[in-house]
Amino acid sequence: QASGTMLLTRFTRIGARATCAFSFPRNTTRIGVRVAFVRLMSGRVDLGGLKVDERLAKLVQDEIAPGTGVDVNKFWASLGDIVKELGPRNKELLNKRDDFQKKIDEYHLENNRVIDKKHYMDFLKQIGYLVPEGDSPVQVATTKVDPEIATIAGPQLVCPVDNPRFILNAANARWGSLMDALYGTDAVPEDDGATRGNQYNPTRGAKVFEQAHRYMDDFFPLAAKKYGDVTAFAVEDNKLVVSIGSEKTELVQPEQFVGFRKSNGVVTSILLKNNNLHFDIQIDKDSAIGKTHKAGIKDIVIESAMSAIADCEDSVAAVDAEDKVQVYRTWTGLMKGTLGAQMSKGGSSVTRTMNPDITWDTPDGKTVTLPGRVVLLVRNVGIHLYTDAVTTADGQEIPEHFLDMMVTGLAACHDLKGTGKFHNSRTGSAYIVRPKMHGPEEVGFVVSLFDKAEAALGLEKHSLKMGIMDEERRTSANLLECMRPAVNRVVFINTGFLDRCGDEIHTSFEAGPVLCKDEIKKQVWIKAYEDNNVDVGFKAGLDGKGQIGKGMWAAPENMRQMLKEKIGHPMAGANTAWVPSPTAATLHALHYHMVNVQNVQKNLKLRTPAKLEDLLTPPLLDRKLSPEEVEKELDNNNQGLLGYVVRWVGQGVGCSKVPDANNVQLMEDRATLRISSQHIANWLHHKIITKDQVMASMRKMAAVVDEQNKGDPNYTPMAPACDGIEFQAGVDMIFKGKETPNGLTEFTLTKKRREYKASK
């Protein structure tokens, strides 16, 4: 900032030989914050020794910082200091990843691709890939964790934060209609006239009530009769009285009745509690649905998602400052409680906002208020990505996760300092999930970033909590030691098969060709990986203090199958698991009524822990594949790959329902792309397939994907030319798959998306 009474800035457009100068008073204040802007030709401003895209600078100054107590100049100066102090270490850690990969490739080649487990393990220890356990035990000491994270077991949503409508639905998914979830999905069969349609079907409605009654019979049993027989609910002498005609009964466990509401003396809501989760039985005998039920039940609304991850990473397509501004603006709206989105309902446009908390009277004459929203976490990007939204003074991109940490942390100050409309955290914590970390060194490095961010934002130490994604091989193999540097912050460890499998293929690239994808899921390493995550969580004492999570159910249209299978996650000791939609959260919540996760965890602590040598056993092909098997696998991989890439690059959609080769809708993000591209690249490298086969399959599947997207007016077909930027992105991912660091797809996606945007 210049001295004197005026700030004078000049820039010269060399080509036009034109010089512009403009000035404004030194004490100019915008939203109460004094910022010195130096405008550049590129639309950037100099702040804190950095060059910041002016749109991002304006967002921080005008929308995020006001109300946080954080000075904007200090904010950017702190980010500049972080870049200087931690930037070199960031590059060192990325180089170390490459060095490990080179050594592991050489090991497999030198040993003729024969793996002796003991020799292999010794080698990994020798090069430092496997680190020894420390002398002292690792014990999680994280405090001030919200019960939705620490003690209440339930579903978790993951949602792209660049889409206000989607993330609002996720934020409001704390409560969901069980009746709607059953009626509107395949959870209830459509036989015997119980079909779904545009008009309400009483036959289907009756079947929905039958199934809902069965759940209530299981979770909140009555001393006599069943819920299908109930004709009235009442509250008398602070007790729930259930009538079956002239007879009366009560709950087997009366303490499950925790709240009620009345209107004109008539009970309109009964609140029941099981395994720390609530059912709200809503009663209105005059409503259209209530008239069809003996007791006048119009709906059963249940606690569904306990938490949701607002994702800045795998499910978004944020490649530049324009995209990052949208990501950060939406997250800020969530933290302020002011986010709104226009939605169509019943043929008219409505503005959806964040739900308020809900209050009931209690049997003892008091009131109970429950949150109307989930507890939100935010997932920043990994250390491997760099952004041009902010550069160094000499124009070098900075690590994107530095920017994510500071901006999402600044936005969270609205919640932490109580300036927002609602409370996200009632314990004074902000939850930041960290993906794709490789080993304890990287976790320790990120912890140092948390420390610096807290100091810069004026936050109490350890108020920024960390979620550790257990999705990279070196982290899985050293998970306990990964938790050591984060013992005062960690609140979350979560497995993710797709990314973990992608890294498994890439790490073991030279070990040999891998099995078909469906067979990979059945190998010893995957069970060891899933069990190890839970075992390590127990060993470190995370249970009761944070989440031990499991991965996504990827088929949002197949809820009946999810109800059958996903109960396996709480049975495996996970107190949360990912679901693809609010409806899926409502249905998956039933599993946490069926299973007392805390009791399951107590029993699992007695088992023999998973073996590290099993976790490190690559899923290598052990038989000769038929030509038909090869073609089917290749086509399946290419169809999923192109179906996702074409929307990411061409439309900027980072997460969507993508039909597979059988037209089954699957919720996909970059993790699915990673495994598909790495699988093809691996087979290509080991001559299971040829380049010509790959290209022929890609062209064939491009036509299939085009057909599947023909109803999308924003879609640009790939075939028959197959020469567009989207198609080329898929080609590059496959044919450069071996050389791409860790087999990650975001490098290619970002490059091609920027290229696509520039072409428009």
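Minimum heavy-atom separation, Asp531 to Ala610: CB-CB, 4.0 Å. Here the closest heavy-atom approach between residue Ile505 and residue Val514 is recorded as CG1-CG1, 4.1 Å. Counting all heavy atoms, side chain and backbone alike, Glu633 lies closest to Lys517 at OE2-N, 2.8 Å. Heavy atoms only, all atoms of each residue included: Lys550 and Ala572 are closest at CE-CB, 4.4 Å. Looking at every heavy atom in both residues, Leu625 comes nearest to Arg623 through CD2-NH1, 3.3 Å. Here the shortest heavy-atom pairing between Ile493 and Asn533 reads CD1-O, 3.3 Å.
At least one side-chain heavy atom of Leu673 sits less than 4.5 Å from a side-chain heavy atom of Leu641. Taking the side chain as every heavy atom from C-beta outward, Val378 and Val161 never approach each other to under 4.5 Å. Between Leu464 and Arg489, the closest side-chain pair of non-hydrogen atoms falls below 4.5 Å.
In this structure, Glu454 contributes its side chain and Ser463 its backbone to a donor-acceptor pair below 3.5 Å. A donor-acceptor contact shorter than 3.5 Å is absent between the side chain of Gln156 and the backbone of Trp578. A distance-only check finds a donor-acceptor pair linking the side chain of Arg484 to the backbone of Ser136 [under 3.5 Å]. The backbone N or O of Leu334 lies less than 3.5 Å from no partner atom in the side chain of Asn424, so there is not a single donor-acceptor pair. Checked by atom type and distance alone, the side chain of Lys566 never pairs as donor or acceptor with a backbone atom of His588 at under 3.5 Å. Side-chain atoms of Asn596 come within 3.5 Å of backbone N or O of Asn599 as a donor-acceptor pair. Without hydrogens or angle criteria, Thr387 side chain to Glu400 main chain gives no donor-acceptor distance under 3.5 Å. Side chain of Tyr644 to backbone of Arg670: a donor-acceptor contact under 3.5 angstrom is found. A donor-acceptor contact shorter than 3.5 Å links the side chain of Asn575 to the backbone of Ile548. Without hydrogens or angle criteria, Asp503 side chain to Arg473 main chain gives a donor-acceptor distance under 3.5 Å.
The distance from the CD atom of Gln561 to the CG atom of Leu563 is 9.5 Å, given to the nearest 0.5 Å. Residue Leu480 holds its CG atom at 11.0 Å from CG of Asp535, rounded to the nearest 0.5 Å. Taken to the nearest 0.5 Å, the CZ atom of Phe402 stands 7.5 Å off from the CD1 atom of Ile82. Interatomic distance, Leu744 CG to His384 NE2, rounded to the nearest 0.5 Å: 4.5 Å. Summarising the geometry, atom NZ belonging to Lys521 is positioned 9.5 Å from atom CD1 belonging to Ile526; distances are rounded to the nearest 0.5 Å. Atom CG of Leu515 and atom CG of Leu620 lie 7.5 Å apart (nearest 0.5 Å).
Salt bridge status for Glu510 with Lys738: present, with a side-chain N to carboxylate O gap under 4.0 Å. Between Arg674 and Glu472 there is a salt bridge, with a side-chain nitrogen of the basic residue lying less than 4.0 Å from a carboxylate oxygen of the acidic one. Residues Lys102 and Asp98 are not paired through a salt bridge, judged by the lack of any N-O separation under 4.0 Å between the basic side chain and the carboxylate. Under 4.0 Å is where a charged nitrogen must lie from a carboxylate oxygen, and between Lys465 and Asp146 no such pair does. Between Glu133 and Lys539 a salt bridge is recorded (basic side-chain N to carboxylate O distance below 4.0 Å). A salt bridge between Lys452 and Asp81 is absent, with no side-chain N of the basic residue lying under 4.0 Å from a carboxylate O of the acidic one.
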Residue pair Tyr107, His119: steps toward the ring pair (Phe, Tyr, Trp, His ring centres under 6.0 Å) verdict: CA-CA 10 Å; Tyr107 173 87; His119 189 265; 5.6 Å; yes
Test log, rule side chain to side chain contact (heavy atoms under 4.5 Å, CB included), inputs Gln547 and Asn494: CA-CA 8 Å; Gln547 293 177 325; Asn494 179 287; over 6 Å; no
Full working for side chain to side chain contact (heavy atoms under 4.5 Å, CB included) between Asn637 and Ile734: CA-CA 11 Å; Asn637 277 325; Ile734 292 170; over 6 Å; no
Check against side chain to side chain contact (heavy atoms under 4.5 Å, CB included), Asn488 and Lys461: CA-CA 10 Å; Asn488 294 306; Lys461 192 171 179 61; over 6 Å; no
Step-by-step side chain to side chain contact (heavy atoms under 4.5 Å, CB included) determination, Leu79 to Leu403: CA-CA 7 Å; Leu79 178 59; Leu403 182 64; 3.9 Å; yes
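Ring geometry for Tyr129 versus Phe100: interplanar angle over 60°, hence perpendicular rather than tilted (30 to 60°).
Between Met469 and the choices Arg500, Lys436, Met437, Arg379, the side chain to side chain contact (heavy atoms under 4.5 Å, CB included) rule is met once, by Arg379. Between Phe492 and the options Ile309, Leu542, Asp470, a side chain to side chain contact (heavy atoms under 4.5 Å, CB included) holds for only Ile309. The only option from His686, His685, His679 that meets the ring-ring contact (aromatic ring centres under 6.0 Å, His included) definition with Trp683 turns out to be His679.
For residues 148-157, every residue pair satisfying the salt bridge (Lys or Arg N to Asp or Glu O under 4.0 Å) rule, not counting sequence neighbours, is listed here: Glu148-Arg174.
Arg426 pairs by the salt bridge (charged side-chain N to carboxylate O under 4.0 Å, His left out) definition with Asp357, not counting sequence neighbours. With sequence neighbours left out, Lys117 forms a side-chain contact (heavy atoms from CB on, under 4.5 Å) with Glu613, Asp614, Thr617. Ala671 is linked by a side-chain contact (heavy atoms from CB on, under 4.5 Å) to Asp314, Leu498, Asp499, Asp669, counting only residues two or more places apart in sequence or in another chain. Listed by chain and number, the residues in a ring-ring contact (aromatic ring centres under 6.0 Å, His included) with His423 amount to none (sequence neighbours excluded).
Looking at Asp105 and Gln101, their side chains do bring a donor and an acceptor atom within 3.5 Å of each other. Side-chain atoms of Asn274 and His593 include a donor-acceptor pair closer than 3.5 Å. Between the side chains of Tyr120 and Asn111, no donor-acceptor pair of N or O atoms lies under 3.5 Å.
Taking a 6.0 Å sphere around NZ of Lys602, one finds it holds 12 or fewer heavy atoms contributed by other residues, nucleotides or ligands.
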Identify all side-chain donor-acceptor contacts of residues 439-447 below 3.5 Å with residues at least two apart in sequence or on another chain.
| from | atom 1 | to | atom 2 | distance (Å) |
| --- | --- | --- | --- | --- |
| Glu441 | OE1 | Lys96 | NZ | 2.4 |
| Glu441 | OE2 | Arg89 | NH2 | 3.0 |
| Glu441 | OE2 | Lys96 | NZ | 3.4 |
| Glu442 | OE1 | Arg97 | NH2 | 2.9 |
| Glu442 | OE1 | His438 | N | 2.7 |
| Glu442 | OE2 | Arg97 | NE | 2.8 |

